[in-house]
Protein chains: 2
Amino acid sequence: MSEPAQEQIDRVLAALADPTRRRMVDLLREGPMRAGDLAAAFEISGPAVSRHLRVLRENALIEEEEAGDDRRLRVYRLRAAPFADLQAWLEEVAAFWTSQLTAFKAHAEGKTRKRKKK
Amino acid sequence: MSEPAQEQIDRVLAALADPTRRRMVDLLREGPMRAGDLAAAFEISGPAVSRHLRVLRENALIEEEEAGDDRRLRVYRLRAAPFADLQAWLEEVAAFWTSQLTAFKAHAEGKTRKRKKK
DNA sequence: CTAATATTTAATCAATACGTTAAATATATC
DNA sequence: GATATATTTAACGTATTGATTAAATATTAG
């Protein structure tokens, strides 16, 4: 059904490759916030922050939300899907070591047997 | 004890940001292989492959191994640590949605109560 | 050990990415 | 609704990245 699609994973990784954007994601973990709130956390200019947000948005890592119970304010919120895709890929990669472990065990047994022969 | 260290995560992400390198990791999941084997899978030149391997190696995603039961051959093998670090970070990020879910539930209950008032 | 092959390093180039300031546009406040 | 503030877009410069070809250095085979 929902094949992660290689391309999607590449996009998430590209978006997270920049340390500033990675830190922005960390900040957004505390909850949705406005562009200005994020900007306050960095020493770069406003436009630079805006551009990073654009990249995160274009790659679907965040979305703009015009929520706000009482007031109408634009906030950015983390989106789950891209992170889930990346997690799924990482689990596939992690499978390498389980199989390696199996191979190692088989190999070790083989060696043991050989030694017995000796 | 083993604090993932932000910097390490940034390095892993930077290394995986390039699609070719991401694909190389995918290939290495099938098992350790030589530079040439990897090169055969791509249309780019040998030196380009070599540079990508260098980046992966410098960021500790792979390591050179001079193993080989019968023959002496240089192969590249995936290293677990960087991927584990990234996984750990992703889990922290994922915690956002669990807490969001909690918040949402609380919010929904609040709304329900309000409606009752109405 | 020498020749053949494979891999890495060097030098160079084009494309991309990130930052800045200035201008435009959208949003918020009185 | 007019003014002040916040945010994005435009234009531009610099630095980094990824690719290529040529040269150097392993590594494998005879």
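A note on names: the letters A, B, ... follow the listed sequences, proteins ahead of strands, and every chain is numbered from 1. Values below: every heavy atom of this structure, side chains too, minus hydrogens, waters and symmetry copies.
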**Request:** Look at A:Arg74 and C:dT27 and indicate whether a side-chain polar atom (N or O) is within less than 4.0 Å of OP1 or OP2.
**Result:** yes
**Item:** Residue-phosphate contact under 4.0 Å: A:Tyr76 side-chain N/O, D:dT8 OP1/OP2
**Value:** yes
Mind checking what makes side-chain contact (heavy atoms from CB on, under 4.5 Å) contact with [X], not counting sequence neighbours?
X: B:Arg77; answer: A:Phe96, A:Gln100, B:Pro32, B:Glu63, B:Glu65
X: A:Ala48; answer: A:Ile44, A:Ser45
X: B:Ala41; answer: B:Leu27
X: B:Ala81; answer: B:Arg79

**Positions of residues 42-56 of chain A (non-hydrogen atom under 4.0 Å from DNA chain C), listed by number** = A:Ile44, A:Ser45, A:Pro47, A:Ala48, A:His52
Rounded distance (Å) that lies between atom [atom2] of [N] and atom [atom1] of [X]:
X: A:Asp10; N: D:dG18; atom1: CG; atom2: P; value: 13 Å
X: A:Glu64; N: D:dA6; atom1: CD; atom2: P; value: 17 Å
X: B:Asn59; N: D:dT16; atom1: CG; atom2: P; value: 16 Å
X: B:Arg22; N: D:dG18; atom1: CZ; atom2: C1'; value: 17 Å
X: B:Met33; N: C:dT7; atom1: CE; atom2: P; value: 13 Å
X: A:Arg34; N: D:dT5; atom1: CZ; atom2: C1'; value: 10 Å
X: B:Met24; N: C:dT7; atom1: CE; atom2: P; value: 12 Å

**Inter-axis angle, terminal five-pair segments of the helix from C:dC1-D:dG30 to C:dC30-D:dG1 [nearest 10°]** =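 Both end axes considered, the difference amounts to 50°.
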**Message:** Using every non-hydrogen atom in the two residues, find where B:Ala60 and B:Pro82 come nearest and quote the distance to one decimal.
**Reply:** O-CG, 3.1 Å
In a table with atom names and distances, give each donor-acceptor pair under 3.5 Å that connects a side chain of residues 10-20 of chain A to protein atoms at least two apart or in another chain.
| unit_1 | atom_1 | unit_2 | atom_2 | d |
| --- | --- | --- | --- | --- |
| A:Asp10 | OD1 | B:Arg22 | NH1 | 2.4 |
| A:Arg11 | NH2 | A:Glu58 | O | 2.5 |
| A:Asp18 | OD1 | A:Thr20 | N | 2.8 |
| A:Asp18 | OD1 | A:Arg21 | N | 3.2 |

**Request:** Taking only Lys NZ, Arg NE, NH1 and NH2, and the carboxylate oxygens of Asp or Glu, determine whether B:Arg29 and B:Asp26 approach each other closer than 4.0 Å.
**Result:** yes
**Message:** Just verifying a value: how many Å separate A:Gln8 CD and A:Trp89 CH2, rounded to the nearest 0.5 Å?
**Reply:** 15.0 Å
**Fill in**
Among the nucleotides C:dT27, C:dC18, D:dG18, whichever has the atom closest to the side chain of B:Arg21 is D:dG18
**Message:** List the residues meeting ring pair (Phe, Tyr, Trp, His ring centres under 6.0 Å) with B:Phe83, not counting sequence neighbours, and say none if there are none.
**Reply:** A:Trp97
